[in-house]
Each structure stands twice: as structure tokens, then as C-alpha cells.
Colleague: 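Questions regarding the structure given below will be posed in turn.
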Amino acid sequence: MKSLAEIVDQLQDFDPEGLKAEQVSAFLAEMVEPVSEVERVPLLAALDRVLAEAIISPISVPPHDNSAMDGFAFDGAQLQPGTPLRLRIVGTALAGKVWKGAVGEGECVKIMTGAVMPPGLDTVVPQEHTKQEDHHVVIPADTLRRGANRRHRGEDLTIGQQALAQGERLAPAALGLLAGLGLTQVPVYRRLRAAYFSTGDEILSPGEAPKEGSVYDSNRYTVLGMLTRLGCEVIDLGVVGDKPNLLEATLAQAASQADVIITSGGVSVGEADHTRKIMNKLGDVVFWRVAMRPGRPMAVGRIAKPESAHEGAVCKRQDTLLFGLPGNPVATMVTFLAFVRPALLRLMGARPQPTVLLRATCEHPISKKPGRTEYQRGIVTQHPGGRLTVRITGNQGSGILSSMVDANGLIVLEHEQGNVAAGDEVGLLMLES
Ligand code: AMP
Ligand code: MG
């Protein structure tokens, strides 16, 4: 495993005073290696878990040719252009109840959606396209082609084919697919354990009496919420004051329990000294100023697990990841979404997914300096015809959490971008509802 310093050395134009957001992402992609422990879980417990092995289809889906419509099944070779076709009904094929009889020329079987196609029959005429008269149906001329409304065995998945790839994060559609293969359990990577604590002498927990100069802890709730949505087991370590011994004890405890530690606050320049000292004493951590807004200061690294042996300051792969996020509530959320979330998905073993950045027309000018990435909280509107426009949610201060609540998307103004004029297109990341 590469040390943090080695990874840093690889980054082009590395400037710890003003790292580009994409350099931080590149660094994290190098640094984070997926967990390897696998467990088998029942399908219903597998939502949002990550597949640890490819799934090879043990059967064909559908397992037999079947009807796509309620109607009449017949041998389509009898269809003649310009000529209606009259067929005698000799039986009924129901879903789950196979028709066993023989069907000859001039005959058909009444069939329901999903019923197995009787042997020799390849075409289904939907009931509503026919006229029925005593035990016969009449198919008007030129209403359908041979082979119509028949679903083929294996047209979804064939036996032996890869149904899902390793690293698939199991959405409801994937669970349905696995169930359709008759599987009851799936191999998934184990869940991540994520520990979180807020730092700052001024931070109160909700329920505590208000105190002069204090603020209530928002970040614990936003971060634990985002971790829960990612499917992590969360370890809530509360609020830790700016006391070196407390910070050290909490970090050590978190490292022994968790795969990843997330903190907020205490990493900006004014305060970083004792935080930096303790984090470096317990592990291998870099402190950065990222050229982005909100969210400039950030610490990233590893904290040694008590049981792991060390070669100098270089931690091992199994040591606990650390993300020290900035304390301002919007900065905490934005840095989590930009950096922590993709890193944790990687740690969970999930295959990287491309970020879908939409384009929207900005309703008003935005002043923006080139040389940093900015995330502005936006309200996106879709107009008739589908055109998207976006406007910011008002005060974009990094402590204004109400503007994050109002937002349904983040306007992403990339590193080199300058001022935005009204009517310009901007990048847009939709926020999950
Ligand atoms: P810091 O990053 O520690 O310099 O904090 C930056 C700002 O964010 C300060 O105004 C803090 O009071 C505020 N802050 C830090 N942590 C929290 C938190 N957990 N909840 C709400 N505000 C916070
Ligand atoms: Mg602080």
C-alpha cells in the first residue's frame, strides 16, 4: 500500500495551500481500498448492499415461451396478407396451468398473459383485436405479424449468463432480478462501521440548556443522516470539546470500533495545531486547503487501530480512514457529498458510477472567481418542454443550513469558471430527495 506522501507525490501541481477538488477525489480513489469480508444475507436484507460476487443466472428468464397478451395463440404460418383468418377455439391456457392438448390447422387456444405457449404455436392475437362467434375467433386481415405477442424463453436472461456484476449496489430492480432467478440469499460485502463526532467547545447537543456563545450541533444530524442513507452502521460519539486529551481518547476509541471516522470542526488554520498533532500522533493524516467553496479546510488520512503494528507513521490498509470535515454546517454537508460519499462507496466495494451533471440555465448572474470550485445551493425548475432553469436559494454563507433545506440541487461552478451571466448554462447536481 502506498503511503499518503507517495500518493501526494503522484498528484500533478500539488499545492497543499489550494488543492483542486478533483485532485482530492483522485487522491481518495488511490487511497481507499474496498473491504474484503463477505457475508450472505437474505434478499430482503440486501437493499443498498454491494454484491461481493458476480451472479451467474442459474435459469433462463422467462423459463418458457409465453404469451404477452390475453388473446388467442395459433400457428402464425396461417396468416395470409389481405385475408381474415377464422380459427376454432380448442382449449384454454392459463398462467401457471399448461395446456397439454394438440392444436391443429385452423385451430387456436385461448391464452392468458404469462401462460406457456402450446407447442407449435408462435403467435398471439390480442382478444380486443378479434371478433368471437360460437367457439371461433376471426382475426381481421393484416392486423398482426407472425410471432407477435410471444415472449421468448431466456429473452431477459439466459442460463449461464452474468445477471449482475460484482460491485453492483443492490437497488430494488436488482433485488427483483435476483428473486426472479429463484435466489434467496446473496453474497454482499459487510456493512461499514462509521464513527462520527462533532468538535468544538461551543457546540451543544440538542436538549442542553442554551449557553452564551454556544450553538447547537447540526453536523452530527446531517452527517449521521447521510451515513445512514449510505447504509453504514453508525457509531455516534457525540460532541468532543477542544481538549487534546479528550480528542485523543475519542479518536483512539473510534479507530478501534470503526472502518471510518468522520469529524467536523477544528481543522481550519486557527485551530488546527493540537488537532493536527494528535491526528498525526495516532496515524497518518494530511491537512489541506481545498480550492472550493464552501469547504476549504479538510483533513484526510488514517488512524491506526490499536491492534495494528506500524512501520513508522505509515498506516495499513485495514486502519481506520479519517475525514476531518470543516465545521460550518453547509461546508460539512458539501464536503461529505463531494468527497466522503464517493470514498465510502468505494470502501463498500461498489463499482464507481459516473456522476450525472445536468446543465441548467441560470436565472440570474452569479459572481465567481476562477481558481476554485463552487457549490451553490439551487432551486431547479423544469419548464414545459423539459428545459431546466435554476436560481440560488438566497444567502450562500457556509453556515446557512436553511438554504440547503430549500435547495433541490447544487449548482457546480468548476475550477476555471468565472462570473456567470443571467441565461448562462451551469452544471447542476440534483440532490436526493
Ligand atoms: P470550525 O471548523 O471548528 O472552525 O467551525 C467553523 C464554524 O462552524 C464555527 O462557526 C462553528 O461554531 C461552526 N460549527 C462547528 N461545528 C458545528 C456543529 N457540529 N454544528 C453547528 N455548527 C458547527
Ligand atoms: Mg471549532
Side-chain angles (χ1 to χ4, degrees), residues 16-19 21 24 194-229 232 234-251 253-254 258 260-280 285-301 322-341 372 374-375 377 393 395-407:
E17 290 297 300
L19 212 55
V24 175
Y196 172 82
F197 58 92
S198 300
T199 72
D201 282 334
E202 80 282 27
I203 309 300
L204 294 176
S205 287
E208 288 187 276
K211 230 171 39 194
E212 201 188 350
S214 290
V215 293
Y216 285 110
D217 183 1
S218 290
N219 296 342
R220 183 145 55 109
Y221 297 85
T222 56
V223 173
L224 292 181
M226 292 185 288
L227 287 171
T228 303
R229 280 210 167 155
C232 297
V234 298
I235 303 168
D236 177 6
L237 297 174
V239 180
V240 176
D242 294 314
K243 314 272 183 309
N245 54 341
L246 262 181
L247 191 61
E248 181 169 348
T250 312
L251 272 177
Q253 182 199 344
V260 55
I261 304 168
I262 297 159
T263 68
S264 77
V267 292
S268 52
V269 187
E271 313 179 84
D273 276 343
H274 71 254
T275 312
R276 193 185 296 238
K277 233 187 263 158
I278 289 159
M279 287 182 174
N280 276 325
V285 179
V286 288
F287 288 81
W288 284 336
R289 296 169 73 149
V290 185
M292 71 186 271
R293 202 158 105 161
R296 207 147 65 121
M298 205 167 86
V300 177
L322 172 80
F323 292 92
L325 304 183
N328 277 307
V330 179
T332 306
M333 288 194 77
V334 168
T335 48
F336 185 98
L337 292 172
F339 304 125
V340 181
R341 186 175 186 279
R372 66 186 183 206
E374 288 192 15
Y375 294 85
R377 287 133 263 169
T393 52
N395 188 337
Q396 296 293 296
S398 61
I400 311 291
L401 204 48
S402 56
S403 68
M404 197 71 184
V405 174
D406 292 341

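Atoms within each ligand, like the ligands themselves, are counted from 1 in listed order.
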Colleague: How far apart are the closest heavy atoms of A299 and V285, and which atoms are they?
Modeller: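 The answer is CB-CG1, 4.0 Å.
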Colleague: State whether a side-chain donor-acceptor pair under 3.5 Å links T393 with D406.
Modeller: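 Per modelled atom types, T393 and D406 side chains form no pair under 3.5 Å.
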Colleague: Before you tell me yes or no, could you show the steps for M333 and M226 under side chain to side chain contact (heavy atoms under 4.5 Å, CB included), namely the whole-Å CA-CA distance, both residues' side-chain angles and the distance that decides it to 0.1 Å?
Modeller: CA-CA 9 Å; M333 288 194 77; M226 292 185 288; 4.0 Å; yes
Colleague: Given Y375 and L337, is the side chain to side chain contact (heavy atoms under 4.5 Å, CB included) satisfied, shown in steps?
Modeller: CA-CA 11 Å; Y375 294 85; L337 292 172; over 6 Å; no
Colleague: Mark up the atoms of ligand 1 that fall under 4.0 Å of a heavy atom belonging to S268, in ascending order.
Modeller: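 Those atoms are 4 (O).
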Colleague: Below the 3.5 angstrom mark, is there an N/O of N328, backbone or side chain, next to an N/O of ligand 1?
Modeller: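 Such a contact does occur with ligand 1.
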Colleague: Polar contacts were defined as any N/O atom of the residue lying under 3.5 Å from an N/O atom of the ligand; does this apply to G266 and ligand 1?
Modeller: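 Between G266 and ligand 1 (N or O atoms, distance only) the closest approach is under 3.5 Å.
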Colleague: Relative to ligand 1, is E202 under 4.0 angstrom through side chain, backbone, both or neither, heavy atoms considered?
Modeller: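 Within the 4.0 Å criterion, E202 contacts ligand 1 through side-chain atoms alone.
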Colleague: Should you measure from each heavy atom of P329, which atoms of ligand 1 turn up under 4.0 Å away?
Modeller: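 Counting from 1, the qualifying ligand atoms are 21 (C), 22 (N).
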Colleague: Heavy-atom contacts under 4.0 Å between P297 and ligand 1: side chain, backbone, both, or neither?
Modeller: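 Neither; nothing of P297 gets under 4.0 Å from ligand 1.
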Colleague: Which residue pairs pass the side chain to side chain donor-acceptor pair (under 3.5 Å) test when at least one of the two sits in residues 213-223, sequence neighbours left out?
Modeller: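 Those involving residues 213-223 are S198-D217, S205-R220, D217-R220, N219-S264, N219-T332, R220-D236.
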Colleague: Could you list the atoms of ligand 1 found under 4.0 angstrom from a heavy atom of D217?
Modeller: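 Once the distances to D217 are compared, the set is 18 (C), 19 (N), 20 (N).
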Colleague: Considering all heavy atoms of both residues, which atom of K211 and which atom of L204 are nearest to each other, and what is their separation?
Modeller: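 For K211 versus L204, the nearest heavy atoms are N-CD1, 3.8 Å.
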Colleague: G266 and T199: which non-hydrogen atoms are nearest, and at how many Å?
Modeller: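 Shortest heavy-atom contact: N-OG1, 3.6 Å.
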Colleague: Run the numbers for me: atoms of ligand 1, each under 4.0 Å from some heavy atom of Y216, listed by number.
Modeller: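 Close to Y216: 20 (N), 21 (C).
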Colleague: Do any N/O atoms on G327 end up under 3.5 angstrom from N/O atoms on ligand 1?
Modeller: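 Indeed, backbone or side chain, G327 has an N or O that close.
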Colleague: Determine whether any heavy atom of S218 lies closer than 4.0 Å to an atom of ligand 1.
Modeller: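 Within the 4.0 Å threshold, so yes.
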Colleague: Please identify which atoms of ligand 1 are closer than 4.0 Å to at least one heavy atom of S198.
Modeller: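 Contacts of ligand 1 toward S198, numbered from 1: 19 (N).
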Colleague: With sequence neighbours excluded, what pairs up with A254 under the side chain to side chain contact (heavy atoms under 4.5 Å, CB included) test?
Modeller: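 A254 satisfies side chain to side chain contact (heavy atoms under 4.5 Å, CB included) with A195, L237, I261 once adjacent residues are dropped.
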